[in-house]
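Comments concern the structure below.
Atoms within a ligand are numbered from 1 in the order they appear, just like the ligands themselves.
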Amino acid sequence: MRKKLIAGNWKMHGTLASVSALSHVLLQSVSSTGDTSLVVFPTSIHLQSVSEILKDSPIAFGAQNFYPEDSGAFTGEISAPMIHELGCRYVLVGHSERRQLFGESDNLIAKKFLAAQTAGLTPILCVGETREERETEQTEQIIRDQLAFVLAEVGLAAFENCVIAYEPVWAIGTGLTATPDQAQAVHLFIRHWLSRHNERIAQKVQILYGGSVKSVNAGSLFAMPDIDGALVGGASLLAEEFLAICKAAG
Ligand code: 13P
C-alpha cells in the first residue's frame with residue numbers, strides 16, 4: 001500500500017514574514033501526519049528560514065529548483081548538495097513552468113534528476129501535456145516521451161527512489177482540474193509504462209496529481225486507485241485549504 005504524499009509548491013510567492021507564519025501554522029496544526037507525508041517547497045531564499053521552523057517536524061521541505069553541478073562558476077545557481085545540507089528531502093524536477101518559461105530541456109531535466117539522487121534527495125519528476133496536445137490526442141505520447149527520456153539517461157534503478165507528478169499544463173493555475181477519471185487514466189498509463197520495465201517499481205512509485213487541486217476536489221481525486229497524493233500550487237499558500245487537502249488524503 002503506497003502512502004499518500006501532499007506537496008505544496010509555493011512557487012515565487014510570499015515574504016519572509018508570510019512564509020514563516022504559514023510554516024508555523026502548519027507546524028502547529030500537524031502533530032503527526034499518520035499515513036500521509038507532507039512537504040512544502042518555498043522559494044530558495046526562504047528555504048533557510050522554513051528549514052529552521054520545520055526541522056525535526058513531521059513536515060518535510062524541499063527546493064523548487066537547482067543546477068545539476070555540485071559547485072563551480074554558475075552565477076546565480078544553487079546545487080543539490082547545498083539543498084541537502086539544509087535538511088531538504090525533496091526537489092522538484094521538470095515542472096512545466098521551468099520547461100516552458102525557462103526553456104529546460106529533457107536533457108537538463110534528466111541531469112537534475114540524477115544530481116538530486118546523487119545528493120541524497122528525492123526528485124519529484126513532473127510530466128504533463130498542454131491543452132493543444134490533449135485536444136490532438138497526444139497526451140500519452142507526450143507523457144511517455146517525457147518519462148522515457150529520463151529513463152534512458154538515468155536507468156531504471158533510479159526510478160526506485162523518485163516521485164512522479166502528473167500535472168496537465170492546462171490545469172495549472174487555471175481553475176480547470178482534470179476530472180478524477182481523466183487523472184486516473186493518465187496515472188494508470190504511467191504505472192503501466194513503469195510496469196513494462198519493472199512491476200515492483202511500478203507498484204512502489206507514488207504518482208501525484210497537480211493542477212488546481214483544492215479542498216473541494218481533493219477527496220474525489222484521492223479516491224482513485226493510482227492517485228497517491230497531490231502537488232498543490234495556489235491552494236498550498238492558504239493554511240486552511242492546504243490542511244483540508246491533507247485531511248482529504250486520510
Ligand atoms: P495550481 O494548484 O495553482 O494549479 O498549481 C499546480 C502546480 O503547478 C503545482 O506544482
Quick one: which residue pairs count as a ring pair (Phe, Tyr, Trp, His ring centres under 6.0 Å) with a foot in residues 125-184, not counting sequence neighbours?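 Counting only pairs at least two positions apart or across chains, the ring pair (Phe, Tyr, Trp, His ring centres under 6.0 Å) contacts touching residues 125-184 are Phe113-Phe159, Tyr166-His187.
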Whether [X] lies under 4.0 Å from ligand 1, heavy atom:
| X | value |
| --- | --- |
| Ser212 | yes |
| Gly210 | no |
| Lys11 | yes |
| Ser236 | no |

Handout entry: Pairing of Glu104 and Arg98 as salt bridge, 4.0 angstrom limit
Key =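 Looking at Glu104 and Arg98, the cut-off is met.
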Review point. Could Asp228 and Lys4 be called an ion pair, given the rule that one side-chain N must be under 4.0 Å from one carboxylate O?
Key: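 So Asp228 does not pair with Lys4 through a salt bridge.
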Where's the contact between Asn9 and ligand 1, heavy-atom distance under 4.0 Å: side chain, backbone, both or neither?
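The answer is the side chain.
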TODO: Apply the test side chain to side chain donor-acceptor pair (under 3.5 Å) to residues Thr177 and Asn217: give CA-CA distance (whole Å), side-chain angles for both, the deciding distance (0.1 Å), then the verdict.
DONE: CA-CA 8 Å; Thr177 319; Asn217 55 32; 3.1 Å; yes
Among protein heavy atoms, which lies nearest atom 2 (O) of ligand 1, and at what distance?
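So the nearest neighbour among protein heavy atoms is Gly233 N, 2.9 Å.
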With a 3.5 Å cut-off and sequence neighbours excluded, list the donor-acceptor pairs that the side chains of residues 237-250 form with protein atoms.
from	atom 1	to	atom 2	distance (Å)
Glu241	OE1	Ser215	N	3.0
Glu241	OE2	Ser215	OG	2.6

Using a strict cut-off of 4.0 Å, indicate which atoms of ligand 1 neighbour a heavy atom of [X].
| X | value |
| --- | --- |
| Gly234 | 1 (P), 2 (O), 3 (O) |
| His95 | 7 (C), 8 (O), 9 (C), 10 (O) |
| Glu167 | 6 (C), 7 (C), 8 (O), 9 (C), 10 (O) |
| Ala171 | 4 (O) |
| Leu231 | 9 (C), 10 (O) |

Side chains of [Y] and [X]: any donor to acceptor distance under 3.5 Å?
| X | Y | answer |
| --- | --- | --- |
| Glu132 | Thr130 | no |
| Ser23 | Ser20 | no |
| Gln64 | His95 | no |

